[in-house]
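Beneath this line is the structure, given in C-alpha cells, with notes to follow.
Just so you know, ligand 1 is whichever comes first in the structure, and atom 1 is the first atom listed for that ligand.
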Amino acid sequence: MLDFQAILENIQKNATEAPDKGAVATYIPELAHVSKDNFGIHLRTSDGKSYGAGDFNKPFSIQSISKVLALSKAMSLIGENIWKRMDVEPSGHPFNQLALLEIENGIPRNPFINSGAIVIADILLSNLENPKEDFLNYVRDLTNDQTIEYNQAVADSEKRTGFKNYAAANLLKSFKNLDNPVNDVLDFYFQQCSLEMTCSQLTKTFSFLANKGICMLDKVRLTETQAKRINAIMLTCGFYDEAGEFAFEVGLPGKSGVGGGIVALLPDNFTIATWSPGLNKKGNSKLGMLALEAFTTKTKLSIF
Ligand code: DON
C-alpha cells in the first residue's frame, strides 16, 4: 500500500530545502509580492480520500488554471461550435506569443494560450446573462464551495498592465474572431484569471475531469466525451512550450498558472494540485513540476 501522506510530506520537505525556487511573475504587479517560500501540495483520490502537505489550504491566484474551467463552461454552452474559432494543436510557443496568431489569421492554436482563452472569454460574454457572477457560481458549484472569490486587486492590476493581452485581443478583433468589444472581453478575462483558490479546493474542482465529467455533488456535468477532450487538451497544451516536458517528466494531463499553481489528474484515480510561486523560464512553477515528477515516479501512477 502506498503511504500517500508520507510521500507528500517528503516532497514538501525537498521543496522547502530546494536551493533554486525559480522567480515569481512580476508582469502582473500584484503577483510580485507573493513569497517564493510558499509550497503546498494536495491529493484527492477518486475513492474520496485526501492528503495534503505544506500550504495546501492557503488561497493563491489560479490565473491560467481558470482557462480549463472557462473552456468547460463554454463547451457546456455551445459545444462543438467552439472549434470553428480555434484549434486544438499545441503552439510550441509561450502563452502570450502573438506572431502565430497573426500568421494563422486570428485562429488561436488552442484554448489555453492567451489568445484562445480570450476567444473563450468572448463566448462566455455572449452566452451568459451576468458573465462574472455566473462564471463564479459555476466554479463554486463544480467545487461545492460557495466561499471561492475573485481577487479584485489582481484583476485591476492586470487590467492596467496586460499590454500583450490588449494586443492579442485587438489582433483577434481585426480578424473578426471577437464578437464583443475588446475592453469588455478583457475585463471578463482578467476577472476570470483572478480567481483565488487553495490546492485543496483545486483538487475538488478538477475531480469532475477525473470522473468522466461528473462533479462531486453532481451539480454540474459535462459529457464523458467533453471531459475526455479537455483532458486531451491539458495533456498536449496545458504547459505551453513545456507541454512535452511535462508529459515526459510527469505523464499526466494538467494545467499551470503564473500564480505558481499546477493541477493534474489521472482519470478514475486522483486529482493533485501544487502551489509554489517561483516560476521557471517557461512560466510554469519550477518546484511544482519537480514535485509532480517526484509524485508520479514514486507512486508509478501516471497515464504511461
Ligand atoms: O493573461 C495572462 O497573462 C495571465 N492572466 C495568465 C497567464 C498564465 O497564467 C500563464 N500560465 N502559466
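A donor atom on one side chain and an acceptor atom on the other are found under 3.5 Å apart for Asn180 and Ser126. Counted by atom type alone, Lys58 and Asn38 present one or more donor-acceptor pairs between their side chains at under 3.5 Å. In summary, the side chains of Glu196 and Ser61 do not present any donor paired with an acceptor at a separation below 3.5 Å, with no hydrogens or angles considered.
The list of ring-ring contact (aromatic ring centres under 6.0 Å, His included) pairs with a residue in residues 3-35, not counting sequence neighbours, reads Phe4-Tyr51. Applying the ring-ring contact (aromatic ring centres under 6.0 Å, His included) rule to pairs touching residues 212-271 yields Phe95-Tyr240, Phe239-Phe246, Phe270-Phe295, sequence neighbours excluded.
Sorted by chain and number, the residues within 4.0 Å of ligand 1 by heavy atom are Tyr27, Gln63, Ser64, Phe95, Asn114, Glu158, Asn165, Tyr189, Cys193, Tyr240, Ser256, Gly257, Val258, Gly283.
A search for side chain to side chain contact (heavy atoms under 4.5 Å, CB included) contacts involving Asn280 returns Glu242, Lys282, Asn284, Lys286, Met289, not counting sequence neighbours.
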